[in-house]
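These values consider heavy atoms only, across backbone and side chains, with no hydrogens, waters or symmetry-generated copies. The chains referred to below are lettered A, B, ... by the order of the sequence lines, with proteins before strands, and numbering in each begins at 1. The shown structure was predicted, so the numbers you read here are calculated from the model rather than taken from an experiment.
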Protein chains: 4
Amino acid sequence: MPKIVDEQMREATRRHIIHQAASEFARLGFDQANINTIAEQAGIGKGTIYLYFENKRELFLAMLRLIAQEHIAAIRTALAQDGTIEQRLEWLFGAFARLAQQERDSFNVYMSALYGVNRSFQAEATRLLRDYVTTIALLLEQSQARGEIECSDVEATALMILSLTESYILSAIVLGQSEQKILSQANLISKLVLKGLLPSS
Amino acid sequence: MPKIVDEQMREATRRHIIHQAASEFARLGFDQANINTIAEQAGIGKGTIYLYFENKRELFLAMLRLIAQEHIAAIRTALAQDGTIEQRLEWLFGAFARLAQQERDSFNVYMSALYGVNRSFQAEATRLLRDYVTTIALLLEQSQARGEIECSDVEATALMILSLTESYILSAIVLGQSEQKILSQANLISKLVLKGLLPSS
Amino acid sequence: MPKIVDEQMREATRRHIIHQAASEFARLGFDQANINTIAEQAGIGKGTIYLYFENKRELFLAMLRLIAQEHIAAIRTALAQDGTIEQRLEWLFGAFARLAQQERDSFNVYMSALYGVNRSFQAEATRLLRDYVTTIALLLEQSQARGEIECSDVEATALMILSLTESYILSAIVLGQSEQKILSQANLISKLVLKGLLPSS
Amino acid sequence: MPKIVDEQMREATRRHIIHQAASEFARLGFDQANINTIAEQAGIGKGTIYLYFENKRELFLAMLRLIAQEHIAAIRTALAQDGTIEQRLEWLFGAFARLAQQERDSFNVYMSALYGVNRSFQAEATRLLRDYVTTIALLLEQSQARGEIECSDVEATALMILSLTESYILSAIVLGQSEQKILSQANLISKLVLKGLLPSS
DNA sequence: TATGAATGAGACTTCATTCAT
DNA sequence: GATGAATGAAGTCTCATTCAT
């Protein structure tokens with residue numbers, strides 16, 4: 001069964017390359033990042049990268065997909081536990097805040113892909129955006145079923161929550177606020193959202 | 001006084017170049033945009049650009065500054081009229097929605113600068129972000145003075161409103177929603193915000 | 001005696017590789033042909049080729065030698081039967097025409113080696129050229145002994161016949177003439193040559 | 001009128017590059033020839049070549065076209081004077097012999113293009129082939145009009161003469177014969193051809 | 001013996017910037 | 001001041017060859 005070992009090795013190398021690439025792409029962006037440098041940092045030959053990825057663009061996309069997987073997994077984990085809607089919204093916010101701080105590279109890459117000009121990158125990043133929305137929409141539906149909230153357009157509301165959460169955190173980071181300060185807003189945000197979603201009666 | 005005329009000419013040419021550059025930068029991003037193409041589209045010689053801007057980077061920054069001026073002016077105009085806080089929040093949302101749709105190029109450039117990886121571009125885009133926050137904070141303070149709302153941390157709340165507004169619109173656009181649909185959310189958003197900010201009684 | 005079997009196997013594999021290589025070299029030329037593709041088409045590993053040939057160049061030369069052997073054998077076979085000089089010249093022309101059409105790949109390879117710029121390839125192709133000339137010279141000497149023709153410089157005349165035959169066919173092919181049309185010139189050509197070589201009386 | 005001077009300069013540089021390129025292409029072939037080296041030998045910057053030619057392939061084709069022009073001009077000049085058909089055939093042979101020796105580079109390049117595998121190069125080289133055939137066909141028609149020769153298929157005969165001439169010379173060169181020796185065959189060749197074309201009566 | 005993953009030299013081409021006109 | 005021809009650094013990608021398994 002050397003096949004399996006080889007497959008594992010191959011996958012490991014693939015991930016290793018993606019990891020190093022992510023660091024470079026996050027630091028310099030797609031165009032400024034240098035395949036040579038990525039190879040060096042990955043401790044492999046220049047040509048080796050092309051055994052794993054068709055070209056620079058595909059490497060970037062593969063990295064984007066990996067980031068998306070990891071982020072969506074982190075968010076799902078944060079929402080896995082049961083709890084009141086308020087708690088869960090706070091967890092969501094906290095999960096995003098942690099991702100944005102601890103995985104700043106991935107976050108930068110993801111955001112620049114989402115709001116950058118390269119359409120194929122944007123398309124890939126958009127998929128993650130959709131996954132986020134779906135995950136949050138599920139959360140809202142569960143809460144609605146329990147009568148905790150009242151929500152006419154679940155999709156739109158989910159998007160609103162995501163936008164608020166994600167963008168708030170990013171803006172705060174860009175404006176130089178500390179993780180401490182950002183996390184302390186979790187309660188404020190979730191309260192704000194809830195007030196807007198509470199059964200009006 | 002040919003000096004002044006010359007100065008005016010020079011400024012006019014400068015703006016003309018920036019304008020053409022904006023179109024290219026928005027379409028292709030900083031790295032992919034081509035100085036030669038920009039010069040052609042501006043109807044001037046390639047070398048002439050270097051009489052007005054030190055290099056490509058400075059041209060980009062100048063463009064970023066111009067965009068920022070235009071956007072902040074649009075927002076201020078939208079909030080210039082008096083009105084209830086609910087109305088003014090709707091206007092704010094509408095102004096952003098219109099900018100994002102009608103000035104999509106500038107918006108793309110601004111967003112990719114803000115969330116991109118080039119620090120000096122980010123710094124410039126951040127200034128616009130600060131201006132936005134300040135403008136909204138002013139709005140909140142006025143409303144608070146009138147007793148319309150109650151708000152403990154004006155800065156944070158302003159950031160929250162900006163984030164919610166801007167990010168909601170961008171996400172919606174990226175997800176392919178029509179301008180119609182987006183504008184129809186204006187009321188929902190402003191209500192949501194207000195509920196969260198209303199005196200708790 | 002596994003040694004002999006192994007030797008036979010080795011030789012068989014060698015020929016197999018050369019055969020596949022010929023197809024690629026004919027299609028793409030020496031530089032554009034790809035060792036990897038050749039290996040794939042031969043159904044062996046890339047490294048295996050280097051167990052049979054020192055490098056790409058040697059593989060090409062080996063192929064050139066094989067082509068030369070096959071071609072010269074075809075020509076000799078065509079001239080093996082006895083006949084009048086006119087008949088034999090027609091057979092010669094026919095043999096070349098058939099080679100050029102049916103073994104177009106080898107012909108291309110041979111011609112590009114002969115008239116190409118790589119000196120070592122040219123040297124190898126030249127050997128085939130010499131063999132051709134020698135074979136035709138032999139034919140002429142036999143005819144001269146029989147008094148069919150009169151020929152002062154056998155070598156030069158042989159070269160002339162070869163040139164006329166080979167080049168006429170190639171030019172005709174390049175100009176898009178059908179095999180039919182080309183073969184129909186066999187009689188014309190041999191008559192032309194004969195008139196030039198006939199005893200002047 | 002700097003336009004005309006510039007046009008002339010541009011054309012001069014263009015020819016200069018083509019000239020240097022021809023030397024490299026003749027020495028190494030299309031694939032092995034190096035744009036860097038060509039630029040160096042032309043005494044210009046690497047990028048400058050791309051101001052005159054779209055890419056390596058186009059440079060090669062431009063060179064091929066220039067060679068074709070020069071060669072066909074040389075042949076036409078050789079046939080410009082009036083004379084008997086025998087004389088003119090000898091001049092033709094001589095012109096080819098001189099071209100093949102003195103412009104050996106161009107001849108190599110042209111032949112490798114004609115018999116190489118790159119179809120677009122072949123197409124270009126074929127055009128020269130056709131021009132040759134046309135020129136020779138004209139010669140034959142003139143002679144036929146004068147009753148010097150009798151020729152049923154002028155095109156085919158022209159091709160035959162060209163093939164014989166060109167290929168004989170090239171083979172002779174490849175086989176290492178001196179220019180002296182080759183030129184001394186002119187009479188033999190033209191006699192051979194004429195015998196074949198003389199009115200049979 | 002056979003393999004094919006890894007390598008890295010090397011090639012083409014682009015494009016921001018300069019500078020002579 | 002305006003120009004655009006010239007430059008050459010730099011970057012992506014290919015592919016012949018090696019070598020550990």
Starting at atom CD of C/E58, determine the distance to atom P of F/dA16, rounded to an integer number of angstrom.
15 Å
Check side chain to side chain contact (heavy atoms under 4.5 Å, CB included) between C/A68 and all other residues, then give those that pass, not counting sequence neighbours.
C/L128
For C/I44, which contact category applies under a 4.0 Å heavy-atom criterion: base, sugar-phosphate, or nothing?
sugar-phosphate
In chain order, what residues pass the salt bridge (charged side-chain N to carboxylate O under 4.0 Å, His left out) check against D/R127, with sequence neighbours excluded?
D/E124
Sequence neighbours excluded, every pair satisfying side-chain hydrogen bond (donor to acceptor under 3.5 Å, both in side chains) that has a member inside residues 39-56 of chain D
D/E24-D/Q41
Listed partners of A/A125 passing side chain to side chain contact (heavy atoms under 4.5 Å, CB included), at least two apart
A/Y110, A/A113, A/L114
Once salt bridge (charged side-chain N to carboxylate O under 4.0 Å, His left out) is applied, do any residues pair with D/E58, and if so which ones, sequence neighbours excluded?
none
Take atom CZ of D/F53 and atom P of F/dA5, then tell me their distance rounded to the nearest Å.
15 Å
What is the distance from CZ of A/R10 to P of E/dG4, rounded to the nearest Å?
13 Å
In whole angstroms, the gap separating C1' of F/dG11 from CZ of A/F25 amounts to 13 Å
Contact letters for nucleotides 13-21 of chain E, in which S counts primed atoms plus P, OP1 and OP2 and B counts the base, heavy atoms under 4.0 Å:
BBSSBB---
Quick test of your reading: applying side-chain hydrogen bond (donor to acceptor under 3.5 Å, both in side chains), list the pairs with at least one residue in residues 112-122 of chain A, sequence neighbours left out, ordered by first then second residue.
A/R57-A/S120, A/N118-A/S120
For DNA chain F, which consecutive runs of 3 or more Watson-Crick or G-U pairs (each distance under 3.5 Å) count as stems?
E:2-21 with F:2-21
Flag if over 12 foreign heavy atoms under 6.0 Å of CZ, A/R15:
no
Residues at least two apart in sequence or cross-chain that pass side chain to side chain contact (heavy atoms under 4.5 Å, CB included) with A/H19, listed by chain then number, are none
Distance check: side-chain N/O of D/Y52 vs OP1/OP2 of F/dA6, anything under 4.0 Å?
yes
